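Presented below is the structure to which this report refers.
What you see is a predicted model, and the numbers here were worked out from it, not measured in a lab. Counting convention: from 1, in listed order, for ligands and their atoms alike. Note that these values count all heavy atoms, side chains included, but never hydrogens, waters or copies made by symmetry.
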Amino acid sequence: MIPFSPPRIDDKIIAEVVDTLKSGWITTGPKTKLFEKRLTEYTGGKSTLCVNSATAGLEIALRWFGVGQGDEVIVPAYTYCATANVVVHCGAKPVMVDVNADDFDINVEKIRAAITDRTKVIMPVDIAGFPCDYDEIMSLVSEEGIRRKFSPNNEIQKQLGRIMVLADSSHSIGAKYKGKHTGSLTDVTVFSFHAVKNLTTAEGGAVIFNLPEPFDNEEIYKFLCVLSLHGQNKDALAKTKGNWKYDVITAGFKMNMTDIMASMGLVELARYDDDTLVKRKKIFDFYTSQFKDDNRFVLPVYETADKRTSYHVYLLRVNGATEEQRNEIIRRIMTREVSVNVHFQPLPLLSFYSGLGYKMSDYPQAYDNYKCEISLPVYYDLTDEQMQTVVDAVKESVKEVMG
Ligand SMILES: *Cc1c(COP(=O)(O)O)cnc(C)c1O
């Protein structure tokens, strides 16, 4: 069976993890701090906090901004549940909006229509690694009329004076928008290093701060180090270096990254541009070359004049397929020993969100994109022969079902 997205575990990763295990320091320590520094350099953001998942990173960013009861947070209807779940954790309301037809990202005009005087945050998601329309989103929140609607209810919100843009860039580390990396495009950006993501630390995530003047992104980082570790004003490493005594300044969370995770991340980041992305692009380009002259398929957009994907997920659509036909195609692809997936079930299709009253019919484009979508295997160790097997399995299965 060709797997969907196994992690790349080679001798380099193993050696670096073993080095950490033998160092005597396995939780948050020097490697986490170094990984944070490298991520800041790589993304062009202003400071970076590593955490134990993207979900945790999104939640701590919302909590830092003071999002709670009575607030609204705009999210795409087409995303992984984590994007909306964290809004629910904070007691706020996820306001879903529909997505684009060409790519799968949140639609900016639909964002505009969804803004109210309760909107505190917009969370664009770079689906499949393809960056959202960040210039348009950042100018939207800065528009005079939209600023006037914003009603801050704490000092941080007052200081920003507008809706915060918190990018869920779980898929898009290394992606570029007008020459700049994700992480440097919005107020705050969160990456995921979960096992299936492009760059993995098994589980893990990073929060990149890039807030405008007069915010001090280094100070915010220091405060969030405390907030992500029980509100303890010294971490375990600091306690070993001098005074044991510490204070707890708030009932904080437990979200810190360990040095074991960071050691994987350091190896992955060092070879990310020259190795990982090169291989992933090769796979994307191969799939595109094989499906492009066949009008049974709608190909994903992943490189344009302004945008370059991180080549995370290859979102192939089967022209005219119903949801049932797509499911049958997938069943047949699987019998040909190829693992495929669907990214994602739009949130209103999930029982928790439909139970809250969200209706799929309010997001017709998200449904149209979803119903005929099949995600193909993309991972470092995929061979040329396996890529061809994937293409053949897809074409044969589509022929059987669609004629
Ligand atoms: C994977 C993913 C997340 C969650 O990442 P974790 O690190 O597993 O918490 C959030 N949003 C999107 C769009 C994702 O695909």
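- In this structure, the side chain of Asp306 does not engage the main chain of Tyr177 through any donor-acceptor pair within 3.5 Å.
- If you look at ligand 1, the protein residues with a non-hydrogen atom under 4.0 Å away are Ser53, Ala54, Thr55, Thr79, Tyr80, Ala82, Thr83, Val125, Asp168, Ser170, His171, Ser192, His194, Lys197, Gly204, Phe344.
- Ionic pairing of Lys37 and Glu41 is present here: one or more N-O contacts between side-chain nitrogen and carboxylate oxygen are shorter than 4.0 angstrom.
- Evaluation of the ring pair (Phe, Tyr, Trp, His ring centres under 6.0 Å) rule for Phe223 yields no partner, not counting sequence neighbours.
- Residues that satisfy the ring pair (Phe, Tyr, Trp, His ring centres under 6.0 Å) test with Tyr42, not counting sequence neighbours, are His181.
- Judged as a ring-ring contact (aromatic ring centres under 6.0 Å, His included), not a single pair has a partner in residues 141-168 (not counting sequence neighbours).
- Among the candidates Phe286, Phe297, Tyr379, Tyr287, the single residue satisfying the ring-ring contact (aromatic ring centres under 6.0 Å, His included) test with Tyr314 is Tyr287.
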